[in-house]
Structure formats: C-alpha cells, structure tokens
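All of these numbers come straight from a predicted model, not from anything done at the bench. Side-chain atoms are counted along with the backbone in the values below, which use heavy atoms only and exclude waters and symmetry mates.
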Amino acid sequence: TVFGGVWEQNYRKAIVDSFESATGASVNLQLGSSAEWLTNAIVNKAAPEIDMLMLPYPDSIKAIMADIGIELTVDDIPNIAEIAPIWWEQYQKRGVGLDYASYGIAYRTDLVDAPITKWTDLFRPELAGKVTIPDIGTWGSWEMLVMLAKLRGGSEDNLDPAFAALSELKPNIRRFFTSSTDAMSMLDSGEVAAVGMTTNIPPYALIDAGKPVDFVFPEEGAMVGMVSYHIAQNSKNVALCKQFINHAISKDAQEAFCNAVIAGPVRPDAKLTGKAAERVPALEQLTLFDWFKIVPQMSTLTDRWNFEVAR
C-alpha cells in the first residue's frame with residue numbers, strides 16, 4: 001500500500017525501484033486510504049489480498065489490536081537492529097516504522113502580535129476567532145487531545161483536562177479543519193492566523209512560496225506521525241516482504257527517501273541534508289504517547305467531542 005502523489009513518486013524512486021533492481025521481484029503498489037487497507041486486511045485475514053500494509057497512526061495500532069500482522073524479528077530483518085528501538089517496540093514488534101512527520105503550529109507572522117512558540121500560545125486573547133485545529137477523526141485530532149490533557153496534568157487514561165482546555169480555547173477557534181488542504185487554505189487566505197496541530201510539510205509549501213508564514217515545534221514538544229510496515233499473517237509472500245522492509249530501512253534507502261519527502265528517518269545513522277536537515281526535529285524533540293490506550297476510547301471520545309466541543 002502507498003499514498004499517492006509526490007509521496008508515491010519519491011517512494012518508488014528511493015525504495016521500490018532499487019528493490020526491484022536488486023531482487024528481480026515486482027512490487028505492486030496499491031493506492032487508497034489507510035482505512036480502506038485496514039478494512040481489507042480484516043475482512044480478508046484468512047486469504048490476504050494485501051501482503052504488506054503501510055499504515056499511519058491510529059490504523060497501525062488498530063491493525064495490531066486486530067492481530068493482522070506477524071512478528072518481525074532481527075533474525076529475519078537484520079536492519080531492525082539499526083533503527084531507534086521505539087520505532088519497532090511501540091508496535092509490539094509486529095510492525096516497524098519507515099519515517100516520521102512532526103506536528104506543530106503554523107501561523108501568519110503578519111497576523112499575530114508576537115511569535116508563537118508554545119501550544120499554550122493558542123489560548124492568547126489576541127487570537128480570538130483566529131485559530132483552527134483538527135476536527136475529531138482528522139489526522140492530528142487525537143494528538144491534540146493527548147497534548148492538551150498532558151499540558152493540564154492529564155494523561156492517556158485521563159483526558160478530562162483536554163476537554164476543559166478545549167472549552168477555554170473555543171472562543172479562539174474559527175472552525176475545525178478536516179484536511180491539511182483545508183487548514184492551509186484558511187491560513188493562506190488569512191481566515192485564520194494560526195493552525196494548531198499540523199504536520200511540518202504543508203506549512204513549508206506556503207513558506208517556500210514566499211507567504212508570511214512560520215512553522216514551529218512548540219517548546220513543550222512536537223507530536224509525531226509515523227507510517228509503519230505490517231506483514232499480513234497469511235501472506236504467500238512473507239519472505240519477500242521481510243526482504244523489502246529490510247531494504248526500506250537500510251541506510252541508503254532511508255537517506256534517499258527521507259531527504260526527498262522531508263521526513264525523519266527511523267535510523268539514527270541516516271544523514272539528513274538540505275531542507276530535511278533544517279526542518280526535521282530530532283527524536284529527542286518528539287512527544288510520543290500510548291496509542292493502545294487511546295484507540296479503545298475513540299468512539300466515546302468522538303461522541304464527547306461532538307457533544308461538548310463541536311456544538
């Protein structure tokens with residue numbers, strides 16, 4: 001599975017093409033959405049149509065909870081020994097990360113009184129009606145809830161402080177965005193002055209176009225987005241999938257891909273250059289949380305959001 005557009009183009013160039021050349025194998029990439037891929041894997045678990053899934057949060061965690069993937073070991077995939085352990089262990093060793101993106105705040109430098117540097121800056125009175133944050137279920141929304149909870153003394157087990165914080169933030173919220181395109185359109189037009197909880201890639205498109213926009217990883221920590229590999233239990237191509245993962249997390253493939261898409265590598269020894277070196281935060285700057293505690297609450301949290309926040 002693979003995401004489309006420029007991401008797919010760079011994925012083919014940096015990882016797929018070199019793997020096919022080295023092995024003689026043919027890789028069939030399936031486009032679509034992670035929700036579609038996960039549903040397919042669950043429905044066809046006994047006879048998988050997809051040998052290996054590449055999934056973002058929270059679908060990667062849902063796949064593990066649904067017992068979709070096999071265990072991935074260093075014996076079978078030696079390069080796992082070379083990645084930061086968190087990108088394997090957080091998946092209970094039934095998945096391994098490819099690259100990470102980071103969530104922060106994008107804002108219009110010409111529409112704020114002072115630079116935004118912290119998550120708590122979104123609450124500033126001057127930003128009344130000028131902030132957008134992700135709608136529930138949109139990428140970044142679960143991260144927003146956890147971050148707000150932790151800022152107020154809560155945790156994955158206690159998200160009440162997040163809803164209290166959202167109640168306080170509500171006067172500043174212009175509306176909730178449903179995609180990065182939606183968020184950047186509002187920022188570009190000046191409909192909002194700040195976008196809370198967006199990945200680093202979309203804002204930099206505006207910055208590179210000369211727009212008066214800045215993007216920051218807040219002082220309290222940057223939330224992280226990660227895509228990971230999961231090999232279907234009953235796949236007929238398990239050995240080849242393991243070989244592909246080993247190639248994808250090799251130093252050369254990591255450097256080629258992550259520099260191309262401006263993302264963080266899972267290997268500490270992979271060197272970022274140019275814009276990637278300038279724009280990708282180090283692992284130490286990232287804030288990770290326990291998705292296994294959040295996923296079971298999602299239905300209840302969605303209902304609560306719609307009742308308390310979206311009204």
Any W87 side-chain heavy atom under 4.5 Å of L288 side chain: yes

Distance in Å, I64 CD1 paired with D59 CG, rounded so as to fall on 0.5 Å steps: 11.5 Å

Ring-face cation of R152 near F123 (centre distance under 6.0 Å, axis angle within 45°): yes

Heavy-atom check, side chain of T198 versus side chain of M184, under 4.5 Å: yes

Pairing of R174 and E191 as salt bridge, 4.0 angstrom limit: yes

Y107 side chain near L127 side chain, heavy-atom distance below 4.5 Å: no

Audit row: N306, R311, side-chain contact (heavy atoms from CB on, under 4.5 Å) steps and yes/no: CA-CA 6 Å; N306 290 333; R311 293 175 63 177; over 6 Å; no

Derivation of the ring-ring contact (aromatic ring centres under 6.0 Å, His included) call for Y57 and W142: CA-CA 10 Å; Y57 301 133; W142 310 111; over 10 Å; no

Under-4.0 Å salt bridge between E89 and K93: no

Flag side-chain contact, heavy atom, 4.5 Å: Q90 against F292: no

Side-chain heavy-atom pair S228, L98 within 4.5 angstrom cut-off: no

Parallel, tilted or perpendicular, as decided by the 30° and 60° cut-offs, for the rings of Y11 and F257: perpendicular

V16 with V6, same ILVMFWY side-chain cluster at under 4.5 Å: no

Nearest heavy atoms of W291 and P296, plus distance in Å: O-CD, 4.4 Å

Evaluation steps, side-chain contact (heavy atoms from CB on, under 4.5 Å), between F176 and V309: CA-CA 10 Å; F176 304 106; V309 181; 3.6 Å; yes

side-chain contact (heavy atoms from CB on, under 4.5 Å) between I61 and I294, worked out: CA-CA 10 Å; I61 306 303; I294 298 299; over 6 Å; no

Ion pair check, K242 and D75, cut-off under 4.0 Å: no

T23 side chain near F19 side chain, heavy-atom distance below 4.5 Å: yes

Interatomic distance, K150 atom NZ to F289 atom CZ [nearest 0.5 angstrom]: 8.0 Å

Exercise: identify the closest heavy-atom pair between V2 and W7: CG2-CZ3, 3.7 Å

Point-to-point distance, once rounded to the nearest 0.5 Å, from OH of Y229 to CG of L72: 12.0 Å

Evaluation steps, side-chain contact (heavy atoms from CB on, under 4.5 Å), between S102 and L286: CA-CA 8 Å; S102 310; L286 303 178; 3.6 Å; yes

pair K62-S60: side-chain heavy atoms closer than 4.5 Å: no

Distance in Å, H230 NE2 paired with D51 CG, rounded so as to fall on 0.5 Å steps: 15.0 Å

Nearest atoms (heavy-atom pairs only) where A276 meets N259: CB-OD1, 3.5 Å

Common cluster, V216/V192, ILVMFWY with side-chain heavy-atom separation under 4.5 Å: no

Heavy atoms from other residues, nucleotides or ligands near NZ of K13 exceed 12 (cutoff 6.0 Å): no

For R124 against D113, the heavy-atom pair lying closest together: NH2-N, 4.5 Å

R175 NZ/CZ over F177 ring centroid, <6.0 Å and within 45° of normal: no

same_hphob_cluster(I105, I207) at 4.5 Å side-chain heavy-atom cutoff: no

Side chains of I68 and R94 in contact at under 4.5 Å (non-hydrogen atoms): no

Salt bridge present between D208 and K275 (N-O < 4.0 angstrom): yes

When the side chains of residues 261-272 are checked against the rest of the protein, which donor-acceptor pairs come out under 3.5 Å, sequence neighbours left out?
| from | atom 1 | to | atom 2 | distance (Å) |
| --- | --- | --- | --- | --- |
| R267 | NE | D269 | OD1 | 2.9 |
| R267 | NH1 | N79 | OD1 | 3.1 |
| R267 | NH1 | I249 | O | 3.1 |
| R267 | NH2 | D269 | OD2 | 2.9 |

Cluster link F3 to I245, ILVMFWY, side chain under 4.5 Å: yes

Co-members of I201 in a cluster of I, L, V, M, F, W and Y side chains, linked at under 4.5 Å: none

Minimum heavy-atom distance A253-I15, with the two atoms named: CB-CG1, 4.2 Å

Separation between CD1 of I80 and CG of N246, rounded to the nearest 0.5 Å: 8.0 Å

Joint cluster assignment, V195 & L122, ILVMFWY side-chain distance < 4.5 Å: no

From F244 atom CZ to N237 atom CG, the distance as rounded to the nearest 0.5 Å: 12.5 Å

